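Every heavy atom of this structure was used, including side-chain atoms; hydrogens, water molecules and symmetry mates were not. Everything numeric here is computed off the predicted structure, so don't read it as measured data. Labels below follow one simple rule: chain letters A, B, ... track the order of the sequence lines, proteins then strands, and each chain is numbered from 1.
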Amino acid sequence: LLFDQIINAILLGSMYAVVAIGFSLFFGVLNVVVFSCGDIAVAGAFSVLIMYGVTKGMGLFHTLPFFLVVLIIVVASALITGVLGVVAYRAAIKPFEGKSELMPLLSTIALGVIIREVIGLWFPQGRNPQVFPNLMPEGFLFGIRVLSYERLIILLITMLMLTALFLIVTRTRFGQSIMAISQNREAAIMMGVNPGVIVPLTFMLGGFLLGVGGFIIGTHYNIVTFMTGSMYGLKGFSAAVIGGLGSIYGAIVGGLLIAVVEVFVAGYVPGGAAYMGVTAFLVVVLFMIFRPQGILGETTIKKV
Amino acid sequence: MLIVLLIVSMLVAGCGQKAQTPQEPAKELPVVKIGFIGPLTGPNAYQGVGARNAFEMAVKMANEAGDLPYKLETIVLDDASDPSTGASAALKIVNDEAVVAAIGHWNSPVAMATIPFFKAAKIPFMIWGAISPALTSAENYPYSTRICLTLIQQNEALANFLVDQMGYKRFAIISDTTTFGVTNTKSWTSILSNKPGTELVDTHEIHVGETDFRAVLASIKAKNPQVIYFGGVVTEAALVRRQMNEAGMENVLLAGISGMADEKFVEVATAAKAEGTITSKPGRSIEKMPLGPQFIERYQKEGFAEPYGVYGPYAFDAVNIILAALKKVGPDTEKLTQAIADIEYDGLLGKTSFDNIGQTKNYLVTIQVVDDGKFVDWEDSKYFSGQKTLQGK
């Protein structure tokens, strides 16, 4: 039972982590909290639904190998959210550059509402829960129930996304430019980094990752609802804060911590399932009081 | 200045009214409106649209038949399963002078919010799908009547079937935290405590809109129940069924009352996993009622995109009861209210009449089981004939 619950927690943690890395990435570059991350992820899940319909309509499932079609679907829908990321930047963040940091906070919340409502209004029956297509192989590893292939692949994709993101940020020129901008914008410009290119690209990358995140969330729950974006946004943001905003590994740690709290409250406290949300946010509050920089965050020293 | 403005505006308004009256042609039948409120969007829309279609169809049929000296019109409003949306819809309906009666609701909390409006406006209101026992009461009588069964009546029938007929003993309860869920937990707990030999091994509450019940299910699994009673609605029920199988509880039965009985349940849970799920349904299956085939044929002819669902027939009869009363006493709402409360109506659902708090006396409950991806009456299923065996047996 304990083993089952640990696996449950890890999976749930991955759901939060994929949204949390969006927060961390954007915060890392611009010191701005982009509150529409959860909605972008849900938009990703809905893009998967659309692409699934398109590929099915084109009959690709008959002509190409199954996993290749799935790959096409996921990449295509992640590209859609990548573009959405850029749009989010153009519409809700760039106009407020150099102004109060509170502006993008509000404008990205507003953007999240817009994304949510557009899905709800324009997607056929968009306000109702949508059944998510099963795009994963059936079966279990070693015949163990909780280790279904679906779950393992979800974990694998999460790991892959995080590692790829880590490598991009630390090993590539693009990543170095992101870091440079986040550390010192003026100096970065002087060194030949063009924020006009790098920042939108970062949003493209973030949107892409969130899109894959949406695919993972949809696959794990077999159902997507247009409204859940705000919930994932809040949990993802909390995970990012607990882990340390701006830290990619912090996002995973934070996501796991929230998930562990939720799963164990629901699983081991009698009648606890009704209180798991409360407990999770209680942990967030405690962290904000006692360790505001998060688990892996650097201590913010204000120079006077 | 202000007074002058006021007078002018009053004069203008007055003129407007006067100007409109003579334009109405004398030959036209007087318009009488009937209101409908139900969840047409949101998580329970499946339940609402079927009822809405049946409602529209009933009114259309009455207009076609033409045996009423009125032109019937409808006002259809969405409550989105949300009490405040429902309240504003109710307000809109009672403020329409032409409205003589309304039917509505699948969600009890929404009905709770709207009934006071109808009561205050003295407009008869009939519930077609909300099943909290509290909705019909001496205070709300005769303005609020209900054509469907309460959840207690449904739970009792379900428990009788599972315990007395099938011999299940070990139960766990998962309900949502809404009034519906809490009342279900209460009623199921008390029913089980009155059934010797049964055991309630675990009780859990979940939130509507949550998607992850794996932790709860893993802890229930350790207690080894034969049946999980689910006191909630379609989407969560389907996710619970899916995640039960994921957690290795294929051999545990899932059962619940009509709140989760909908084709959408099978769609979300997938046919293979939904197999064997037991639900109770108020009334008898429409196909088996004398007027059923007629209703179904007409419904298909109308070409609605959505199935009539569990509550379509209820909405259909609700309208027809109102129309029968209207025929008897005319559009005076006071008289109409009393006529509805006193009615003896023989319709699609069989004989309907209301008790002294406005609750239907038509007590039929049908047990259904998911058999090959469809909700099938127990007596017609492969489980009854012995070709299949229920889980936990």
> Given that the side chain runs from C-beta out, which part of B:Y46 has a heavy atom under 4.5 Å from chain A: side chain, backbone, both or neither?
Replying inline: side chain
>> Let me confirm one number: the OH-CZ distance from A:Y221 to B:R242, rounded to the nearest 0.5 Å.
In response: 13.0 Å
> Do you know which two heavy atoms are closest between A:N8 and B:A218, and how far apart they sit?
Replying inline: ND2-CB, 4.1 Å
> With a cut-off of 6.0 Å (strictly less than), are more than 12 heavy atoms of other residues, nucleotides or ligands near OH of A:Y275?
Replying inline: no
> Is any side-chain heavy atom of B:H207 closer than 4.5 Å to a side-chain heavy atom of A:M276?
Replying inline: no
> Would you say A:K56 has more than 12 foreign heavy atoms packed within less than 6.0 Å of its NZ?
Replying inline: no
> Looking at side-chain heavy atoms only, is the closest gap between A:H220 and B:D212 below 4.5 Å?
Replying inline: yes
>> Nearest 0.5 angstrom please: A:I223 CD1 to B:E236 CD, how far?
In response: 8.0 Å
> Short question: side chain of A:Q5, backbone of B:A215 - any donor-acceptor pair under 3.5 Å?
Replying inline: yes
> Are there more than 12 heavy atoms of other residues, nucleotides or ligands under 6.0 Å from atom NZ of B:K223?
Replying inline: yes
> If you look at every heavy atom in B:S219 and A:G267, which pair is closest and at what distance?
Replying inline: CB-O, 2.9 Å
> Between A:T228, A:V131, A:V265, which has the largest tally of heavy atom pairs under 4.5 Å with chain B?
Replying inline: A:V131
> With a 4.5 angstrom heavy-atom cut-off, which part of B:T41 approaches chain A: side chain, backbone, both or neither?
Replying inline: both
>> For A:F67, I'd like to know if atom CZ has over 12 heavy atoms of other residues, nucleotides or ligands within 6.0 Å.
In response: no
>> With rounding to the nearest 0.5 angstrom, report the CD to CD distance, B:E246 to A:E150.
In response: 6.0 Å
> Counting only heavy atoms not in B:E263, do more than 12 fall under 6.0 Å of its CD?
Replying inline: no
> Which residue out of A:V263, A:N222, A:T225 racks up the most heavy-atom pairs below 4.5 Å with chain B?
Replying inline: A:N222
> Which atoms form the tightest heavy-atom contact between B:T211 and A:Y232, and what is the distance?
Replying inline: OG1-OH, 3.9 Å
> Using non-hydrogen atoms only, which part of A:M227 is less than 4.5 Å away from chain B: side chain, backbone, both, or neither?
Replying inline: neither
> To the nearest 0.5 Å, how far apart are CZ in B:R214 and CG in A:D4?
Replying inline: 12.0 Å
> Pick from B:L239, B:T270, B:D176: which one has the most heavy-atom pairs with chain A under 4.5 Å?
Replying inline: B:L239
